[in-house]
Amino acid sequence: MSNEENSDREKTKRARQGDQEAFVELVSEHVEKVARITLYIVGSCAIAEEITQEAFLKAYEKIQTLRRGVPFGNWVVRIAKNLAIDRIRRSKRKLPLVKEVDWGNPNDQDIVQDVRKVLMELPQKFRLPLLLTYYEGMSTAEVSRLLRIPVGTVKSRIFHAKAKMRKTLESEAGDD
Amino acid sequence: MIDKETKTNELIELAKPQHVLSDGFLPRLKRAMADVGDFSRTHPVQSAAGWSFALISTAFMALVIVGRTDLLPDVINFLLRVVGA
């Protein structure tokens, strides 16, 4: 077990015993990753921030239910993922969240904005494995556990996501 | 010449989001956590009721496990004396 994992376990143990400072340290270590993964699902920084806050508050209230041996980071990412998917499901008719591509800096180059739009237009089942692998450096086994799909399916979805993305970008380039 | 696969990978990397959270996020979260942590102080009756229920349930389960449910009235009397009822 790495030093980082050991330290995480120690802080989780202290947080379970009611040490608020330990919980805040865990938040600081995992919050950016949780926010990014939420963003990959909802497509908007503002909504990702709301869901990230909700996820950490839920984790704070339910820390006693975290099973021993389960890393805090994985647990809170799963909570945020479920909240984000639930939010999409509930607001689908009123608010097509995934169309509101807002990934922060509006001054980014046009090509970057175009790629983000294409990524967000991919069906979620293709988009998430691709972004978790590329942006979070997660292995196919880790993505498989988080999304509860077989490793082979993760690989094929990444392949198809890239193929779809390439096709869209090529057709857009052809239109210009 | 760059192949299509490499080009796609480069574009994906280029589009990685840098900052998702606004500057005031952590202080806001800490304030919200403090509100959650104050539950016992702001809801003392509900909090005490919750603890009492958990205590009695645990005692009852322990008696069931050791097969001495006949001791239940004594245990309840004891717990009531402890909480000062």
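Every chain is numbered from 1, with letters handed out A, B, ... down the list of sequences.
- Both Val70(A) and Phe23(A) belong to a common hydrophobic cluster when Ile, Leu, Val, Met, Phe, Trp and Tyr are linked at side-chain heavy-atom distances under 4.5 angstrom.
- Residues Phe56(A) and Ile79(A) share a single hydrophobic cluster, defined by chaining ILVMFWY side chains whose heavy atoms lie under 4.5 Å apart.
- Side chains of Arg166(A) and Leu11(B) form no contact here, defined as non-hydrogen atoms less than 4.5 Å apart.
- Shortest non-hydrogen contact noted between Met33(B) and Tyr60(A) is O-CE2, 3.3 Å.
- Taking CD of Glu54(A) as the start and CG of Leu29(B) as the end, the distance is 12.0 Å to the nearest 0.5 Å.
- The parts of Val31(A) that come within reach of chain B are both its backbone and its side chain, each placing non-hydrogen atoms under 4.5 angstrom from that chain.
- Leu146(A) and Leu122(A) fall within the same hydrophobic cluster, where Ile, Leu, Val, Met, Phe, Trp and Tyr residues are linked whenever their side-chain heavy atoms come under 4.5 Å apart, directly or through other members.
- With hydrophobic clusters built from ILVMFWY side chains whose heavy atoms lie under 4.5 angstrom apart, Met138(A) does not share a cluster with Val151(A).
- Note: Leu57(A) leads Thr52(A), Leu57(A), Val24(A) in heavy-atom pairs under 4.5 Å with chain B.
- Using a 4.5 Å cut-off between heavy atoms, Ala48(A) touches chain B through its side chain atoms alone.
- Shortest non-hydrogen contact noted between Glu32(A) and Val20(B) is OE1-N, 4.4 Å.
- With respect to Arg28(B) and Glu49(A), a salt bridge is recorded, a charged nitrogen being found less than 4.0 Å from a carboxylate O.
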Practice task
Given side chain to side chain contact (heavy atoms under 4.5 Å, CB included), test Leu14(B) with Val115(A) step by step and report yes or no.
Solution key: CA-CA 9 Å; Leu14(B) 202 63; Val115(A) 173; over 6 Å; no

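- More than 12 heavy atoms of other shown residues, nucleotides or ligands fall within 6.0 angstrom of atom CG in Asp70(B).
- The contact between Leu26(B) and chain A is made entirely by side chain atoms (from C-beta outward), counting heavy-atom distances below 4.5 Å.
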Handout entry: Test side chain to side chain contact (heavy atoms under 4.5 Å, CB included) applied to Leu131(A) and Lys16(B), step by step
Key = CA-CA 9 Å; Leu131(A) 300 187; Lys16(B) 183 175 181 174; over 6 Å; no

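- Distance check, rounded to the nearest 0.5 Å: NZ of Lys7(B) to CG of Leu169(A) gives 10.0 Å.
- Of all heavy-atom pairs between Ala15(B) and Tyr135(A), the closest is C-OH, 3.3 Å.
- Atoms CZ and CD1, on Arg116(A) and Ile12(B) in that order, are 13.0 Å from each other to the nearest 0.5 Å.
- Criterion: ILVMFWY side-chain heavy atoms under 4.5 Å apart, direct or through other members. Under it, Val77(A) and Trp75(A) are part of a common hydrophobic cluster.
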